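Quick notes on the structure that follows.
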Amino acid sequence: MVTEIKDKNARKGDGDRAELAFEMRNVTFAYSGASEPVLKNASLSVKQGEFVGIIGPTGCGKSTLLYLLTGVIPHYYEGQMSGEVLCFGRPTKSQKMGELTAKVGFVMQDPEAQLFNLFVEDELVWGLECRGYERKEMDARITESLSRFNISQLRKRVTYDLSGGEKQKTTIAAIDAIRSEAIVFDKPTSEVDPLGANMIFEVVRKLAEERHTIVMVEDKVDQMVMYADRIVVVHGGEIRMDASVEEFCKRPDEVHQYGLRLPQVAELAHYVKKRGIALPRIPLTIEDAIKVFKEAMAGRGSAPRGLVGGLARG
């Protein structure tokens with residue numbers, strides 16, 4: 001597992017982040033036949049090249065928010081909608097799905113719902129053929145995408161023989177091959193084991209470093225905080241928090257109020273602070289926590305009684 005925070009500022013230029021990839025303006029949406037809206041007066045902006053993580057309890061409207069951003073609503077799922085959603089400056093309502101999918105890739109939580117070709121190579125070929133690329137260009141893109149995600153060895157493999165992590169990496173590589181400007185993920189690690197989850201986060205990290213716009217719904221808040229620029233909290237169909245990862249980790253009471261938790265190292269830091277130890281900052285990773293705690297202990301000379309047991313419990 002990668003435990004260091006990559007330099008997020010390295011992918012934050014002034015000019016190339018000025019335009020919005022996504023914008024929701026006071027959107028309320030209820031599915032057909034539903035008595036209550038699943039999203040209420042939701043507003044959200046995502047800049048090009050930004051990585052926004054979305055968290056919240058089950059049934060709060062996170063997936064519906066993604067469907068709105070990608071145009072799945074209203075083009076596939078119908079219902080009562082007010083407000084406006086823009087994708088790269090244009091309303092999703094006025095764009096055809098072919099236009100939207102050329103710019104935005106969507107990775108579902110179950111990769112088997114997206115894999116419908118027998119071989120991995122064919123899965124990548126399909127999207128390129130639909131867009132009319134010549135064979136030489138397709139071969140180059142397939143080779144490049146498979147190599148980028150370290151799955152070149154899977155090129156001739158049968159898709160249903162792959163592990164969960166390999167299947168998910170294949171779906172992401174297929175989206176990468178068509179050069180989507182933005183990629184939206186709906187719990188991409190929910191169907192894989194911890195090793196597969198780490199593989200997926202490494203892939204997403206690579207995409208973010210290459211200045212793709214990333215919007216990800218995910219329950220694994222520890223990894224999310226390591227890579228995202230912002231954390232958006234959805235609760236009861238409303239966006240309750242939109243903060244930088246640093247600010248998010250400074251607000252434990254508010255986060256707990258929504259039935260969520262901070263990353264383990266941040267929770268530990270707040271526990272230590274309540275025990276009377278001043279910390280220079282709230283750490284986000286294990287490595288940073290070690291530095292912060294060493295600095296705090298050096299200033300005190302010794303740890304208060306009970307702290308060692310508390311640290312072990314985390």
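All heavy atoms count here, side chains included; hydrogens, waters and symmetry mates do not. Bear in mind the structure is a predicted one, so any value in this text is a computation, not a measurement.
For Lys103 and Glu99, the salt-bridge test fails: no basic side-chain N is under 4.0 Å from an acidic carboxylate O. A salt bridge links Arg240 and Glu238; the closest N-O separation between the charged side-chain nitrogens and carboxylate oxygens is under 4.0 Å. Residues Lys47 and Glu50 are not paired through a salt bridge, judged by the lack of any N-O separation under 4.0 Å between the basic side chain and the carboxylate.
Taking 4.5 Å as the limit, every side-chain heavy atom of Ile277 sits out of range of all side-chain heavy atoms of Phe293. Using a 4.5 Å heavy-atom threshold, the side chains of Ser244 and Asp229 count as separate. Inter-residue side-chain proximity for Lys291 and Pro283 is flagged as unmet; no heavy-atom pair is nearer than 4.5 Å. When side chains are defined from C-beta on, Val233 counts as touching Leu260, because their heavy atoms get closer than 4.5 Å.
Side-chain contact check for Lys167 and Gln114: no donor-acceptor pair (N or O, by modelled atom type) lies under 3.5 Å. His212 and Gln48 share no side-chain donor-acceptor pair at under 3.5 Å. Side chains of Thr28 and Asn41: a donor-acceptor N/O pair is absent below 3.5 angstrom, by distance only.
For the atom pair CG of Asn117 and CG of Leu124, the computed distance is 9.5 Å after rounding to the nearest 0.5 Å. Interatomic distance, Gln168 CD to Leu115 CG, rounded to the nearest 0.5 Å: 8.0 Å. In this structure, Ile142 CD1 and Ser147 OG are separated by 13.5 Å, a value rounded to the nearest 0.5 Å. Rounding to the nearest 0.5 Å gives a distance of 12.0 Å between CD1 of Ile214 and CZ of Arg205. Atom-to-atom distance recorded for Glu218:CD and Met224:CE is 5.5 Å, nearest 0.5 angstrom. Taking CG of Asn198 as the reference point, atom OG1 of Thr189 lies at 9.0 Å (rounded to 0.5 Å).
Within 6.0 Å of the CD atom in Gln153, the count of heavy atoms belonging to other residues, nucleotides or ligands exceeds 12. In the displayed structure, Gln257 atom CD is contacted under 6.0 Å by more than 12 heavy atoms of other residues, nucleotides or ligands. A 6.0 Å sphere centred on OH of Tyr160 holds no more than 12 heavy atoms belonging to other residues, nucleotides or ligands. Annotation for Glu112: atom CD does not count as buried by contact number, only 12 or fewer foreign heavy atoms lying within 6.0 Å. Residue-environment remark: CD (Glu247) exceeds the threshold of 12 foreign heavy atoms within 6.0 Å. Counting heavy-atom neighbours within 6.0 Å of Lys250 NZ, excluding the residue itself, gives a total of 12 or less.
Under the 3.5 Å distance criterion, the side-chain polar atoms of Arg179 are matched with a main-chain donor or acceptor of Asp176.
Counting all heavy atoms, side chain and backbone alike, Val292 lies closest to Pro280 at CG1-CD, 3.8 Å. Residue His75 comes nearest to Lys93 through the heavy atom pair CE1-O, 3.8 Å, listed as atom of the first residue, atom of the second, then distance.
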### Working for ring-ring contact (aromatic ring centres under 6.0 Å, His included), residues Phe51 and Tyr227
CA-CA 8 Å; Phe51 185 161; Tyr227 302 123; 7.2 Å; no

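Aromatic ring pairs are classed by plane angle as parallel below 30°, tilted from 30° to 60° and perpendicular above 60°; the pair His235 and Tyr258 is tilted.
A cation-pi geometry, defined here as NZ or CZ lying under 6.0 Å from the six-membered ring centre and within 45° of its normal, holds between Arg141 and Tyr133.
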